[in-house]
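One structure is given below, encoded as structure tokens.
In this text, all values refer to a predicted model and were calculated from it rather than measured experimentally. Ligands are counted one by one from 1 in listed order, and the atoms in each one are counted from 1 as well.
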Amino acid sequence: MAETIRVTVWNEYRHERESAQVAAIYPEGIHAMIAAALRGQPGLTVGTATLDEPEHGLGEQALAETDVLIWWGHKAHGEVRDEVVERVAARVHDGMGLIVLHSGHFSKIFKRLMGTSCDLKWREGNDHERIWVIEPGHPIAAGLGETIEVGPEEMYGERFDIPVPETLVFISWFNGGEIFRSGCCYTRGRGKIFYFRPGHESYPTYKHADVQRVIANAVRWAAPTAGPRPTFGNVRPYEC
Ligand code: ZN
């Protein structure tokens, strides 16, 4: 394991360049906001990558030098090339952590790794979001109170068509009455995956201190560990 955790924050980076409203909140992009928050944390080396870079900024070397990949996408999921999706999936199986944010629920990589539609209910209407911490002993909940008052946000509601999470750390409540499994942990191969719900582009959610804390905690939780690389295929017996 590397001495520092090498983080790559990936963003499709389209809303911020096409919408004055979104650009006013994130003038340098959602990825830059998240990266700046993580750079304030000890033990992390943080870079960024975006959709319109060659190979979406996720070439072989870039991925080999990434311990944890953070993913924000929304309107351009279909433009992410399948070969890059397969490359990311292979790295996750080999141990790279993956943190999927908000509308990344519909990204090719999340659906590929979940194996379900990952569909949900949604509404843009300034619902108030309150996140309940339901596993207070989990490392991703470190330093939080019982709830995170996110404030006005897009609503996501159940059913969220995902596999049953290995650990469900957070549940969101919205004042429209819906609830949502908003902090979901998975393992795929040697890699850990965390889905975290908040972060619609038209709200300043990634400036929220507790949201930043969750992402930083999730980076540390998802970082690769020194577990064995399994071998597969036909084998001789261990005992004769
Ligand atoms: Zn959204």
Side-chain angles (χ1 to χ4, degrees), residues 9-37 48-52 56 69-80 85 98-114 116-132 147-162 165 168-184 193-215 218:
V9 184
W10 190 91
N11 180 13
E12 70 178 24
Y13 194 28
R14 291 284 175 84
H15 290 282
E16 303 94 318
R17 291 186 292 150
E18 296 170 3
S19 160
Q21 181 200 6
V22 178
I25 302 168
Y26 299 114
E28 296 174 72
I30 285 172
H31 56 299
M33 183 71 236
I34 293 171
T48 63
T50 56
L51 177 65
D52 292 327
H56 312 321
L69 178 64
I70 297 175
W71 193 281
W72 196 100
H74 179 223
K75 64 194 298 185
H77 294 315
E79 294 182 42
V80 178
V85 174
L98 177 67
I99 298 169
V100 176
L101 298 172
H102 187 61
S103 41
H105 74 91
F106 252 173
S107 63
K108 287 183 179 179
I109 184 60
F110 191 59
K111 291 194 288 186
R112 163 80 171 73
L113 290 165
M114 295 297 105
T116 57
S117 76
C118 300
D119 211 344
L120 47 75
K121 294 184 177 71
W122 62 277
R123 173 175 63 242
E124 286 186 68
N126 286 324
D127 280 80
H128 181 94
E129 178 176 14
R130 176 178 301 128
I131 296 176
W132 285 89
T147 64
I148 302 172
E149 296 292 335
V150 179
E153 252 286 1
E154 180 183 18
M155 185 282 293
Y156 279 6
E158 297 282 348
R159 172 169 161 84
F160 184 18
D161 186 29
I162 47 171
L168 180 60
V169 184
F170 304 128
I171 293 176
S172 285
W173 169 92
F174 298 88
N175 61 306
E178 293 88 356
I179 60 164
F180 191 78
R181 289 169 290 172
S182 58
C184 307
I193 301 166
F194 183 64
Y195 174 80
F196 188 44
R197 194 219 79 88
H200 188 65
E201 66 275 1
S202 62
Y203 301 100
T205 300
Y206 294 119
K207 299 179 181 180
H208 192 301
D210 280 347
V211 171
Q212 294 179 357
R213 184 186 298 265
V214 168
I215 294 171

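Atom ND1 is the N/O/S atom of His200 found closest to the Zn ion (ligand 1). The N, O or S atom of Glu154 lying closest to the Zn ion (ligand 1) is OE1.
Atom CG of Asn126 is separated from atom CE of Met155 by 13.0 Å, given to the nearest 0.5 angstrom.
Among the atoms of Glu201, no N, O or S atom is found under 2.8 Å from the Zn ion (ligand 1). At a cut-off of 2.8 Å, His74 does not coordinate the Zn ion (ligand 1) through any N, O or S atom.
Aromatic rings of Tyr26 and His31 (six-membered ring for Trp) have centroids beyond the 6.0 Å cut-off, not under it.
With a 4.5 Å cut-off on side-chain heavy atoms, Ile162 and Tyr195 do not count as touching. Side-chain atoms of Ile30 and Leu101, non-hydrogen and from C-beta on, never get closer than 4.5 Å to each other.
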